[in-house]
Amino acid sequence: MKMNNNTMPISKDNDGESIWKFLIREIKPKGKFLTPFNIISIPIILVGAVLIVIRFIYGIGAVTNLTQDVPWGLWIGFDVVTGVAFAGGAYVLTFMVYILNMHKYHSIVRITVLNGFLAYVFYAGALLLDLGRPWNVINPIIGNNFGTSSVLFLVAWHFLLYMIAQLIEFSPSIAEWLGAKRARKILAGMTIAAVIFGITLSTLHQSGLGALYLMAIDKIHPLWYSEFIPILFFVSSIFAGLSMVIFEGSISHKAFSHHISEKNHKAQNGIVLGLAKICAGAMFAYFFMQLLVFIHGKNWEYLNTSMGYWFLLEMLGFVLLPMMLFVYGYKKNSIFTVKLAAILTMLGIILNRLNVTVIGFRWDAIDRYVPSWMEIVVTLAVILTEIMIFRWVINRMPVLRDSPKWVSEEK
Amino acid sequence: MSLNRRDFLKTLGIVGVSLTVGDSFASTNKSNDDVEFYGILYDSTRCVGCQTCEIECAKANGLTEPEDAPQAGVIRNTDEKHRTVVNSYNTSKGEVFIKKQCMHCNEPACAAACLTQAMYKTKEGAVIWRGDKCMGCRYCMVSCPFDIPKFEYHSANPKIEKCTMCFDKIKTGGIPVCAENCPAEAIKFGSRRELLAEARKRIVENPDVYIDEIYGEHTAGGTGFLYLSSVSMNELGFNTNLQKESYPKLSKGFLYSVPSVFVLLPPLLLGIYEATKRNILNKNIENNENE
Ligand code: SF4
Ligand code: SF4
């Protein structure tokens with residue numbers, strides 16, 4: 001295996017340096033501070049922070065437009081429900097790499113797991129913002145009381161456990177960064193168990209997010225409500241997550257290209273095309289299911305309404321079209337087409353999740369919920385902070401970069 | 001090594017199962033008839049729209065007394081400051097008053113939704129909210145088919161507000177303030193079974209006055225609050241298309257499937273893992289040869 005040891009001091013062994021000195025050095029930002037990204041994102045994060053303070057002093061109503069009829073808005077519908085769908089790449093990829101042993105995708109596992117882990121941390125964080133009485137958030141964990149008939153109870157527990165599983169999956173990178181050889185060995189030995197546990201949890205809470213809305217049968221537009229929401233959410237999380245992997249990969253390969261070894265750069269196109277094929281397959285299954293649900297629900301009468309057109313746009317423009325683009329891209333080896341398809345797919349997922357949770361929820365209410373600019377800024381602030389942490393980690397730990405030499409030497 | 005792993009997974013599976021199937025299904029599983037719940041029978045043909053219930057409810061619970069009176073064409077709604085409202089509707093049988101508050105469902109969606117059992121169906125039949133448990137997630141509001149729980153959006157320490165059937169009073173043998181003070185005797189408190197019998201009796205004795213339906217007898221799996229009226233309840237702002245099954249049933253299928261996934265999926269994944277590992281060993285050798 002070729003090693004790519006350019007400029008990164010950390011891929012050398014850390015033995016001999018005090019861990020504290022090392023950590024302090026590492027915590028400082030690296031590189032230029034006034035990058036375009038920072039110039040745009042730092043003000044947004046600061047405004048977001050102020051809004052969060054206001055929210056905790058004056059209540060949720062001070063920054064959100066939520067109503068008594070629509071108690072869950074953008075923070076749940078987008079940050080949590082959509083965000084978790086996008087984070088689904090981690091369980092799909094660990095399934096492919098560790099369970100199916102599709103070695104081809106190994107080089108992108110770490111970054112995907114990192115992405116997934118941070119997504120969960122931040123979206124669970126966003127969930128805290130939305131809780132009216134967040135100091136009671138530990139009640140369902142400590143047993144005051146266990147609301148075991150609640151889908152949300154299941155989802156909350158699964159979030160927590162899955163975060164731990166993902167941390168274990170990712171932990172060898174941290175150990176490599178710290179130069180902790182023994183710990184790395186132990187942690188790496190736990191990977192398979194964490195992966196299996198993680199996939200099981202993901203299957204359940206990806207669908208669980210849909211199951212949350214099962215009792216809202218009278219509130220969600222019939223085109224988006226069906227008893228099959230959980231399955232639809234699960235299947236769509238597969239291509240949502242993989243599209244995110246494709247999208248994030250194409251950005252990472254530009255932004256962090258100096259971390260990536262020649263070999264992995266070359267392998268990237270093959271990976272993207274492989275993912276495109278899987279996406280197309282999952283989308284075909286999904287589209288077919290949506291069709292069956294539609295026919296089963298006898299929803300013809302709604303088609304010729306404005307919500308019906310909206311539904312058709314989602315299904316044809318953001319499921320069927322990107323699916324065909326994936327197929328085309330795969331057949332013609334066109335990376336550009338695949339990326340385009342990935343972006344369309346992601347838009348489609350945003351559309352779908354918002355249609356279930358916000359747009360189609362109480363579509364008949366007299367005063368409709370439209371998110372306030374403050375909700376949007378807080379959402380952006382959460383996403384941007386996540387990207388910053390993501391960047392911080394990638395610049396330090398062997399995520400995109402190959403592992404330090406001692407890892408392969410030990411094998 | 002692989003044995004240990006299997007044991008580990010088994011333990012995980014068991015943890016998962018015990019996390020997901022609990023005892024509380026039992027409480028929502030009983031059929032409606034074998035439990036003696038308290039309930040309230042409200043007879044809209046007797047109601048005169050005097051708002052005594054609204055005023056007494058506000059006083060008893062430290063909430064805001066009503067500022068406006070029922071008026072046909074204006075829909076007043078319960079909110080975080082008003083647990084009950086009386087509205088007026090122009091119907092096919094003239095002006096009709098109708099009271100609105102929590103229905104105290106037999107199998108409440110709000111309680112099934114609540115992940116801390118802060119929303120709780122007491123054995124007396126009242127559905128109450130317990131602030132020391134609630135984390136303010138508002139899932140109860142998403143799930144309640146009657147849109148009853150209301151949230152204090154403008155408070156740093158927000159509460160969920162809804163009618164509690166004056167649970168503190170009925171626990172000690174009292175009756176809810178609305179039933180106690182209604183001058184028209186439109187609100188009657190009692191056991192649900194008695195109230196249903198009483199309601200049927202009134203319908204049989206005055207077939208011209210009432211429609212032959214008790215709203216709440218079957219609605220949403222049956223509710224503790226029962227309505228008699230002279231016109232169909234959908235003329236009075238109530239949804240008569242709500243399903244007859246209880247709402248928690250809607251997510252039960254999903255919740256029941258969770259343990260099986262936890263038991264079946266991990267061994268399956270482990271099996272695939274073991275099978276492909278052998279494959280990959282061979283492939284790796286090939287790959288290395290190619291490079
Ligand atoms: S009406 Fe709503 S709040 Fe009242 S018990 Fe039923 S589900 Fe709960
Ligand atoms: S807001 Fe409170 S009462 Fe309602 S579901 Fe959440 S924790 Fe339970």
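Proteins get letters first, then strands, A, B, ... in listed order; numbering begins at 1 in each. Below, each value reflects all heavy atoms present in this structure, side chains not excepted, and no hydrogens, waters or symmetry copies.
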Novice: Could you check whether any side-chain heavy atom of B/Asn157 comes within less than 4.5 Å of a side-chain heavy atom of A/Trp135, counting everything from C-beta outward?
Specialist: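 Sidechains of A/Trp135 and B/Asn157: in contact.
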Novice: Quick one: what part of B/Ser155 sits under 4.5 Å from any heavy atom of chain A, side chain, backbone, both or neither?
Specialist: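 The answer is the backbone of B/Ser155.
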Novice: Decide yes or no for B/Val258 and A/Leu204: does some side-chain heavy atom of the first lie under 4.5 Å from some side-chain heavy atom of the second?
Specialist: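 Yes, side chains in contact.
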Novice: For the candidates B/Asp132, B/Leu242, B/Ile160, B/Asn241, which exhibits the highest count of non-hydrogen atom pairs separated by less than 4.5 Å from chain A?
Specialist: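 Max contact count across the listed options: B/Asp132.
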Novice: Relative to chain A, which of B/Ala118, B/Cys114, B/Ala111, B/Gly253 shows the most heavy atom pairs under 4.5 Å?
Specialist: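 Among B/Ala118, B/Cys114, B/Ala111, B/Gly253, the one with the most close pairs to chain A is B/Cys114.
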Novice: My understanding is that only one of B/Ser143, B/Cys110, B/Cys140 makes a side chain to side chain contact (heavy atoms under 4.5 Å, CB included) with A/Met215; could you say which?
Specialist: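 Considering B/Ser143, B/Cys110, B/Cys140, a side chain to side chain contact (heavy atoms under 4.5 Å, CB included) with A/Met215 is found only for B/Ser143.
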Novice: Below 4.5 Å, heavy atoms only, C-beta onward: do A/Phe153 and B/Thr116 meet side chain to side chain?
Specialist: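 Contact flag for A/Phe153/B/Thr116 side chains = no.
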Novice: Is it the case that the side chains of A/Asn144 and B/Lys133 hold a donor-acceptor pair, with the cut-off being a distance below 3.5 Å and no angle test?
Specialist: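 Judged by distance alone, the side chains do pair up.
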Novice: If you count heavy-atom pairs under 4.5 Å with chain A, which of B/Pro149, B/Gly271, B/Gly131 comes out on top?
Specialist: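 Top option by heavy-atom pairs under 4.5 Å: B/Gly131.
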Novice: Taking atom OH of A/Tyr58 as the centre, does the number of heavy atoms from other residues, nucleotides or ligands within less than 6.0 Å exceed 12?
Specialist: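 12 or below, so no.
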Novice: Less than 4.5 Å to any heavy atom of chain A: does that hold for the side chain of B/Phe151, its backbone, both, or neither?
Specialist: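 B/Phe151 touches chain A through backbone and side-chain heavy atoms alike.
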Novice: Does the plane of the ring in A/His158 sit parallel, tilted or perpendicular to the ring in B/Phe262? Use 30° and 60° as the thresholds.
Specialist: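 Plane angle over 60°, so perpendicular.
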Novice: Could you tell me whether the side chain of B/Gln117 reaches within less than 4.5 Å of the side chain of A/Ser150, counting heavy atoms only?
Specialist: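 They are not in contact (no side-chain heavy atoms under 4.5 Å apart), so the answer is no.
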Novice: Less than 4.5 Å apart, any side-chain heavy atom of B/Tyr153 and any of A/Gln68?
Specialist: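 Yes, side chains in contact.
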Novice: So, A/Asn101 versus B/Thr276: side-chain donor-acceptor pair below 3.5 Å or not?
Specialist: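 Result is yes, a qualifying pair exists.
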Novice: Does A/Leu66 reach the side chain of B/Arg138, with side-chain heavy atoms less than 4.5 Å apart?
Specialist: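 The answer is yes, as the side chains (C-beta and beyond) meet within the 4.5 Å cut-off.
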Novice: Are the side chains of B/Phe254 and A/Leu154 in contact, using a 4.5 Å heavy-atom criterion?
Specialist: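 Of all side-chain heavy-atom pairs linking B/Phe254 with A/Leu154, at least one is under 4.5 Å.
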Novice: Could you tell me which portion of B/Lys249 (side chain, backbone, both or neither) has an atom closer than 4.5 angstrom to a non-hydrogen atom of chain A?
Specialist: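 Neither part; nothing is under 4.5 Å.
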Novice: Taking side chain as everything from C-beta outward and backbone as N, CA, C, O, which of these in B/Cys137 sits under 4.5 Å from a heavy atom of chain A? Side chain, backbone, both or neither.
Specialist: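 Its backbone and side chain both get close to chain A.
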Novice: For B/Ile75, I'd like to know if atom CD1 has over 12 heavy atoms of other residues, nucleotides or ligands within 6.0 Å.
Specialist: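 It does not: B/Ile75 CD1 has 12 such atoms or fewer within range.
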